[in-house]
Amino acid sequence: PGSKGYFETIELIRRAGKKYADRIAEKPIWIKTAEGKNIRMLNLELQFSGSKGGAPILIGSHFDTRPFADQEKDSQKKNIPILGANDGGSSTAVLLGLAHYLFQDPAPRPIHLVVFDGEDFGASGSGLNLLGSTHYAQSLLKVNRSFWPHWVLVIDMIGDKDLQIFKETHSLKGSGRFLDLIYSIPEKKKVSSFKPQSKFTIFDDHYPFHKMVIPSTIFIDFY
């Protein structure tokens with residue numbers, strides 16, 4: 001966050017929104033760190049109106065990357081930011097591809113592609129993560145429930161060459177019907193990346209919506 005690459009990524013998403021979406025909304029967030037610094041973050045939302053209306057489907061990714069490599073085994077590298085090609089970059093690329101697709105083939109229901117900031121910001125246990133999605137979910141409390149998402153799908157870390165997407169437990173509990181519909185497609189097409197078993201419980205950008213009892217799903221290859 002705050003780096004040259006960060007601002008270039010925001011500009012890339014803006015350009016895609018202006019080119020393909022019916023509307024682009026930018027929602028700034030101010031975060032105060034333990035050191036007393038105020039950091040500005042930004043959610044970007046590419047809105048597609050759909051041909052028949054109704055409550056929107058929200059498809060989300062985070063575009064921010066870790067400001068330090070705290071999982072790095074080499075102690076000399078722990079304070080170096082990660083590039084985030086997989087963790088943040090891969091799923092954001094999918095959303096940009098979806099923007100192009102929805103421009104060419106409008107869906108019946110409105111689709112909102114939301115690129116969240118601050119998912120990966122803070123150290124483990126700091127509470128400074130899922131910042132953009134939590135801010136977005138809490139903002140829904142200020143609007144009529146008819147405007148809430150019909151379903152939330154979050155994509156994260158899907159750049160693995162041996163992609164394996166298991167059914168995450170929060171997703172099963174809150175959006176089992178959607179998971180059954182989705183997994184029936186790769187089953188018919190014999191796509192082996194989608195695994196029907198449940199393997200992980202993940203606190204990712206779908207979780208703030210799950211807590212609000214909005215059907216929410218995460219697709220993630222979580223080593």
Side-chain angles (χ1 to χ4, degrees), residues 1-2 4-31 39-65 84 88-121 130-156 158 175 178 181-182 204-219:
K4 181 185 177 199
Y6 171 87
F7 291 114
E8 288 177 343
T9 303
I10 288 174
E11 196 53 43
L12 173 68
I13 297 164
R14 280 179 179 145
R15 288 201 305 270
K18 290 174 182 176
K19 186 174 182 179
Y20 299 127
D22 295 315
R23 181 173 177 268
I24 181 169
E26 299 190 12
K27 302 177 181 180
I29 311 157
W30 286 97
I31 303 299
I39 297 177
R40 185 182 188 270
M41 295 186 176
L42 185 69
N43 288 339
L44 297 103
E45 183 171 5
L46 281 56
Q47 299 179 356
F48 296 81
S49 301
S51 58
K52 294 186 178 179
I57 290 172
L58 189 161
I59 305 178
S61 162
H62 73 93
F63 76 95
D64 65 304
T65 62
S90 62
S91 51
T92 300
V94 169
L95 260 63
L96 296 179
L98 282 173
H100 187 197
Y101 175 82
L102 292 168
F103 174 73
Q104 296 179 317
D105 297 278
R109 187 182 289 274
I111 307 287
H112 293 180
L113 305 179
V114 183
V115 191
F116 297 115
D117 204 344
E119 188 269 353
D120 240 349
F121 180 68
L130 310 184
L131 299 173
S133 55
T134 298
H135 183 271
Y136 189 105
Q138 290 178 348
S139 72
L140 295 173
L141 297 172
K142 301 175 184 177
V143 302
N144 189 287
R145 198 179 181 101
S146 62
F147 295 103
W148 288 21
H150 176 66
W151 170 52
V152 172
L153 170 64
V154 168
I155 309 169
D156 196 4
I158 46 77
S175 62
F178 291 96
L181 287 170
I182 292 165
D204 208 301
D205 281 325
H206 68 309
Y207 186 67
F209 301 95
H210 171 74
K211 287 197 300 182
M212 295 173 64
V213 200
I214 297 171
S216 304
T217 305
I218 177 77
F219 284 168

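For the pair Asp156/Ile218, a side-chain contact is recorded, criterion being any heavy-atom separation below 4.5 Å from C-beta on. Looking at heavy atoms from C-beta onward, Leu46 lies out of side-chain contact with Tyr20 at the 4.5 angstrom threshold. Taking the side chain as every heavy atom from C-beta outward, Val114 and Asp205 never approach each other to under 4.5 Å. At a threshold of 4.5 Å between non-hydrogen side-chain atoms, the residues Pro110 and Ser49 do not count as touching. You'll find the side chain of Leu140 reaches within 4.5 Å of the side chain of Phe209, heavy atoms only.
Nearest heavy-atom pair across Leu130 and Thr134 is O-OG1, 2.6 Å. Across all their heavy atoms, Leu95 and Leu113 have their closest contact at O-CD1, 3.4 Å. The heavy-atom pair separating Gly60 from Phe116 by the smallest distance is CA-CE1, 4.1 Å. Minimum heavy-atom separation, Asn43 to Asp117: OD1-N, 3.1 Å. Considering every non-hydrogen atom in both Ala16 and Leu96, the closest pair reads CB-CD2, 3.6 Å. For Phe219 against Ile182, the heavy-atom pair with the smallest separation is CZ-CG2, 3.4 Å.
One N or O on the side chain of Ser61 and one on the backbone of Thr92 form a donor-acceptor pair closer than 3.5 Å. Under the 3.5 Å distance criterion, the side-chain polar atoms of Asp120 are left unmatched by any main-chain donor or acceptor of Asp64. Counting only distance, with no hydrogens or angles, the side chain of Ser90 and the backbone of Ile158 share a donor-acceptor pair below 3.5 Å. Side-chain atoms of Arg109 come within 3.5 Å of backbone atoms of Ala55 as a donor-acceptor pair (strictly under, hydrogens ignored).
Using the six-membered ring where Trp is involved, Phe178 and His150 have ring planes that are perpendicular, over 60° apart on the 30 and 60° scheme.
Rounding to the nearest 0.5 angstrom, the gap separating the NE2 atom in His206 from the CG atom in Leu58 is 13.5 Å. Interatomic distance, CG of Asp204 versus OG of Ser216, reported as 11.5 Å (0.5 Å rounding). Between the CD atom of Glu45 and the CD1 atom of Ile13 there is a distance of 12.5 Å, given to the nearest 0.5 Å. To the nearest 0.5 angstrom, Ser91 atom OG is 11.0 Å from Leu98 atom CG. Remark: Leu12 CG to Phe7 CZ distance equals 15.0 Å, nearest 0.5 Å. Distance OG1/Thr217 to CD1/Ile155: 10.5 Å, rounded to 0.5 Å.
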### Query
What do the steps show when you test Ile10 against Leu44 for side chain to side chain contact (heavy atoms under 4.5 Å, CB included), and what is the final call?
CA-CA 8 Å; Ile10 288 174; Leu44 297 103; 4.2 Å; yes
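Screening Lys18, Arg14, Arg40 for a salt bridge (charged side-chain N to carboxylate O under 4.0 Å, His left out) with Glu26, the sole residue that qualifies is Arg14.
Aromatic ring centres of His62 and Phe121: separated by at least 6.0 Å.
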